[in-house]
Amino acid sequence: MCFNGVIAPIVGYGIKGVIWYQGESNADSFKDAVEYKDLFPRMITNWRDEWGQGDFPFLYVQLPNFRAAAITPSSGNWPWLREAQEKTLSLPNTGMAVITDAGEAMDIHPSDKSDPGNRLGLVALHDIYGKKVVASGPVYKSMKVDGNKIIISFDDIHKGLIIGRPNADGIVNNSPAELKGFGIAGADHKFVWAKAVMKGNKIIVYADGITIPEAVRYNWADNPPGNLYNKDGLPARPFRTDSWAPAL
């Protein structure tokens, strides 16, 4: 109905690209959140087919932080929809802005519009116009188990990792004392809040009582507390190192 009423009338007009901010209504249930990994890329592909102008740019915003602050390091439906949005980057000419630091607990439409807009602008400048700008925060690359710890490596580090959001000069005002947002689990798949230490451009994650760790998750909640950035001022993308089915 929305397509027929809003999109269909403009199909055929010239189009440079799409900016998309949606997904909240698809995260009311876990089933819907996971299904988004199929629905969203199908919609993009359908629009491109309708216009017949090839793979025009499709840039979108990953869901922000919302609802009550996370109590456990792995909870809620929104992280699964964020993962579905990330997987959609496998489509050509797509880009995503991360705003898990720009939402509001009590407002599904947060008042901060500058961060989503500015970050989408960086993605467009980098991906579409080929400008040499940093358009992404740290992105999970790989993990290595080392005794009772897991060592995480990242792509898109650029100037380096930093705890807390830096200003334009790369300085964090009121610098936080510790990394937040990391959870760790052993063979029982039960995630607990982890201690995380930055060592160069890697993050070492561990927790008391987890002697044989198997997986790490970062910002894996509706309203997560993560504070990992690169020095260019962009937040780390939420991630999980496991492929486990969620505990329902």
Side-chain angles (χ1 to χ4, degrees), residues 15-24 36 40-41 43-44 47-48 53-66 78-79 81-104 107-141 152-173 175-176 179 181 198 201 203 218-219 223-239:
I15 186 171
K16 179 66 176 179
V18 172
I19 291 176
W20 181 260
Y21 189 138
Q22 186 274 336
E24 298 91 336
Y36 201 77
F40 191 34
M43 188 200 77
I44 296 172
W47 284 23
R48 288 171 169 174
Q53 293 182 204
D55 294 331
F56 54 73
F58 200 106
L59 311 182
Y60 54 93
V61 179
Q62 195 179 44
L63 286 185
N65 47 314
F66 178 57
W78 282 41
L81 193 133
R82 293 189 191 109
E83 182 179 66
Q85 291 173 314
E86 180 180 16
K87 288 181 176 180
T88 302
L89 292 172
S90 62
L91 287 183
N93 223 9
T94 54
M96 184 178 76
V98 176
I99 62 164
T100 42
D101 60 340
E104 296 180 25
D107 192 343
I108 201 168
H109 299 293
S111 58
D112 181 358
K113 309 302 184 192
S114 60
D115 277 325
N118 289 337
R119 291 172 188 176
L120 282 169
L122 290 172
V123 175
L125 288 171
H126 181 273
D127 293 3
I128 301 171
Y129 298 102
K131 302 296 184 180
K132 293 183 178 180
V133 298
V134 176
S136 172
V139 176
Y140 168 71
K141 180 181 180 181
I152 305 293
S153 298
F154 296 88
D155 287 323
D156 291 324
I157 294 169
H158 303 291
K159 294 178 183 178
L161 300 178
I162 195 168
I163 304 173
R165 182 174 180 171
N167 60 24
D169 298 318
I171 298 171
V172 179
N173 296 318
S175 180
L179 277 166
M198 187 181 300
N201 285 323
I203 303 295
Y218 173 74
N219 268 6
N223 190 351
N227 59 355
L228 177 64
Y229 289 75
N230 58 24
K231 291 181 181 179
D232 301 272
L234 295 174
R237 190 182 294 174
F239 69 86

Exercise for the section: Report yes if some heavy atom in the side chain of Pro224 is under 4.5 Å from a heavy atom in the side chain of Asn65; otherwise report no. Expected result: yes

Completion exercise
Closest non-hydrogen atoms of Pro41 and Tyr36, given as atom of the first, atom of the second and distance, are CD-O, 3.7 Å

Practice task
Locate the shortest heavy-atom distance separating Pro64 from Gly103; write the atom from each residue and the value.
Solution key: CB-CA, 3.9 Å

Completion exercise
Here the gap from Gln62 atom CD to Glu83 atom CD, rounded to the nearest 0.5 Å, amounts to 10.0 Å

Practice task
Name the orientation class of the two ring planes belonging to Trp20 and Phe58 (parallel below 30°, tilted from 30 to 60°, perpendicular beyond 60°).
Solution key: tilted

Problem - Side-chain donor/acceptor of Gln53 to backbone N/O of Arg48, under 3.5 Å - result: no

Handout entry: Atom pair CD1/CG of Ile203 and Leu161 - distance to nearest 0.5 Å
Key = 5.0 Å

Exercise for the section: With rounding to the nearest 0.5 Å, note down the distance linking CG in Asp55 to CG in Leu91. Expected result: 8.0 Å

Practice task
May I ask you to test the Asp156-His158 pair for a side-chain heavy-atom distance under 4.5 Å?
Solution key: yes

List the atom pairs, donor and acceptor, that lie under 3.5 Å between side-chain atoms in residues 113-129 and the rest of the protein, sequence neighbours left out.
unit_1	atom_1	unit_2	atom_2	d
Lys113	NZ	Pro110	O	2.7
Ser114	OG	Asp112	OD1	3.1
Asp115	OD1	Arg165	NH2	2.6
Asp115	OD2	Arg165	NH1	3.1
Asn118	ND2	Ser114	O	3.2
Arg119	NH1	Val98	O	2.8
Arg119	NH1	Asp101	OD1	2.8
Arg119	NH2	Asp101	OD2	3.0

Practice task
For the pair Gln85 and Met96, evaluate side chain to side chain contact (heavy atoms under 4.5 Å, CB included) and give the outcome as yes or no after the intermediate values.
Solution key: CA-CA 8 Å; Gln85 291 173 314; Met96 184 178 76; 4.1 Å; yes

Exercise for the section: State, with a plain yes or no, whether a side-chain heavy atom of Tyr229 is found less than 4.5 Å away from one of Pro166. Expected result: yes

Problem - Gap between atom CD1 of Ile163 and atom CG of Asn227 - 0.5 Å precision - result: 6.5 Å

Fill in the blank from the handout: Closest non-hydrogen atoms of Leu63 and Ile99, given as atom of the first, atom of the second and distance, are C-CG1, 4.5 Å

Handout entry: Considering all heavy atoms, the nearest Thr88-Ile44 contact
Key = CG2-CD1, 3.7 Å

Problem - Distance-minimising heavy-atom pair for Phe56 and Asn93 - result: C-ND2, 3.7 Å

Exercise for the section: Of all the heavy-atom pairs spanning Ile157 and Asp232, show the shortest one and how long it is. Expected result: O-OD2, 4.2 Å

Practice task
Check the pair Lys141 / Ile152 against side chain to side chain contact (heavy atoms under 4.5 Å, CB included), numbers first and verdict last.
Solution key: CA-CA 8 Å; Lys141 180 181 180 181; Ile152 305 293; over 6 Å; no

Practice task
Please examine the side chains of Arg82 and Thr100, heavy atoms only from C-beta on, and report whether any two atoms are closer than 4.5 Å.
Solution key: yes

Handout entry: Gap between atom CG of Leu59 and atom CD1 of Ile19 - 0.5 Å precision
Key = 6.0 Å

Problem - Check: Arg237 and Leu89 side chains under 4.5 Å, non-hydrogen atoms - result: yes

Handout entry: Separation between CH2 of Trp78 and CZ of Phe66, rounded to the nearest 0.5 Å
Key = 5.5 Å

